[in-house]
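Just the heavy atoms: all of them, side chains too, but no hydrogens, waters or symmetry mates, feed the values below.
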Amino acid sequence: MKESPRCDSCTRFTVCTHRSDFFILSGRKKEKRLSDIQSEMSACLRPSLLPAPPPAPTWRSSLLFGVSSFSRKLITRASSTTSTTTMSDAAARELKEGIAEFYDESSSLWEDIWGDHMHHGFYEPDSSVSVSDHRAAQVRMIEETLRFAGVSEDPTKRPKNVVDVGCGIGGSSRYLAKKFGAKCQGITLSPVQAQRANALAAARGLADKVSFQVGDALQQPFPDGQFDLVWSMESGEHMPDKSKFVSELARVTAPAGTIIIVTWCHRDLAPSEESLQPWEQELLKKICDAYYLPAWCSTADYVKLLQSLSLEDIKAEDWSQNVAPFWPAVIHSALTWKGFTSLLRTGKLSILCCWNLYVISYNYLDISAKRLNITSWIS
């Protein structure tokens, strides 16, 4: 039996089928005039200088931290798979409407089961966890992200103005507001999420600290240089234009401010590769179709984009092993009586979403079996 191509990142993010990783990247913005940064951005982001997108993406989970900067030593090669294509107006509108509808319908389900936070939990690699652990792990994800990015808790240095790009129901914003005493503003495409986030802020006495509105991450409703901490927790994968996404994050960041991106990415290509393997593309497409995800990019692509915006202290780290235990907890939570009844109260999109959790897990098992030459175990 012919063995499938070996995947160097196969152990990084179980649910993502071997070709996915979970990374964090961060960077720090130079203390320079905004006009200088804008002129550099305009030159660096000319379409003619941007690489072409892949035929179809595969994914990893990536955490990128950008304190208006990234680690130069991590920038070794520019991948040819950066998603920089410009969608037609109709396609972009359809994608935005699909994302909004998906979260309008499913957010109450996630809140019932997961609580405030609609993102992965952080665990020790290969740990065995129960469903009850996941809420604490989600809070730990926030703390580990802040630690990685070097966000200071010193009252004279801690962030004072924060934007939460892709805020969900506002869990990160409320946490950061309480931790740092900061003013936080969140944007989401979902009116239901924005309304629920504001209601939760008021109920917890944080209405004077945090606020939420419907907004597009690619056209943020904020002036230049407003925030000293720009936070994107697992929203970048929904962005159809990664270069525009990153440039908007940099635009609203104050000089010496911090940008943190936690996102799903496909694996970096080898020097001899021009695209992902066909079987990788096929598996990734199933995930993209299920969750309104456009073309993805690699961690190396994100680093290159951040570097092009004159960020400093750029660094990236693979956390796929740390988030892998979260997915079994997610799937098991959907199989509880509470999960089942919550699912029935939502609509068809939520039911489809939960079905796709199973599909994703099955695909992971399928690829695992192929790598081990035990395809016959899969019916």
dist Leu305:CG -> Leu249:CG (nearest 0.5 Å) comes out at 10.5 Å
CD of Glu111 to CD1 of Ile169, rounded to nearest 0.5 Å, is 4.0 Å
Side-chain H-bond candidate by donor/acceptor type, Asp241 with Ser243, under 3.5 Å
yes
| request: Return yes if a side-chain donor-acceptor contact under 3.5 Å exists between Glu317 and Trp319, otherwise no. | output: yes
In plain terms, say whether [X] and [Y] are close enough for a salt bridge, that is, a side-chain N and a carboxylate O under 4.0 Å apart.
| X | Y | value |
| --- | --- | --- |
| Lys242 | Glu237 | no |
| Asp216 | Lys96 | yes |
| Glu143 | Arg140 | no |
| Asp89 | Arg93 | no |

* Applying side chain to side chain donor-acceptor pair (under 3.5 Å), run through His120 and Glu234 and close with a yes or a no. => CA-CA 8 Å; His120 283 86; Glu234 297 187 49; 2.7 Å; yes
Donor-acceptor pair, side chain of [X] and main chain of [Y], under 3.5 angstrom:
| X | Y | value |
| --- | --- | --- |
| Arg251 | Val246 | no |
| Lys209 | Gly181 | yes |
| Gln185 | Val210 | no |
| Asn161 | Lys183 | no |
| Glu248 | Gln220 | yes |
| Asn322 | Glu124 | no |

Under the 6.0 Å and 45° cation-pi test, does Lys315 pair with Phe148?
yes
- Message: Which residues pass the side chain to side chain contact (heavy atoms under 4.5 Å, CB included) test with Ala203, not counting sequence neighbours?
- Response: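 Listed in chain order: nothing, the list is empty.
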Quiz prompt | Check against salt bridge (Lys or Arg N to Asp or Glu O under 4.0 Å), Arg158 and Asp154 | solution = CA-CA 6 Å; Arg158 64 190 183 189; Asp154 185 325; over 6 Å; no
Aromatic ring proximity, centroids under 6.0 angstrom, His134 and Tyr123: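 When the ring centroids of Tyr123 and His134 are compared, they turn out to be at least 6.0 Å apart.
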- Just wondering, are more than 12 heavy atoms of other shown residues or ligands nearer than 6.0 Å to CD in Gln213?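 Correct, the count exceeds 12.
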For this session: State whether the number of non-hydrogen atoms from other residues, nucleotides or ligands found under 6.0 Å of Lys178 atom NZ is greater than 12.
Result: no
(request) Find out if a path of hydrophobic residues (ILVMFWY) with successive side-chain heavy-atom gaps under 4.5 Å connects Leu176 to Val139. (result)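 Same cluster: Leu176 reaches Val139 through Ile, Leu, Val, Met, Phe, Trp or Tyr contacts under 4.5 Å.
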### Message
Going by side chain to side chain contact (heavy atoms under 4.5 Å, CB included), Trp231 matches just one of Val165, Asp164, Val163. Which one?
### Response
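Testing each of Val165, Asp164, Val163 against Trp231, the sole residue satisfying side chain to side chain contact (heavy atoms under 4.5 Å, CB included) is Asp164.
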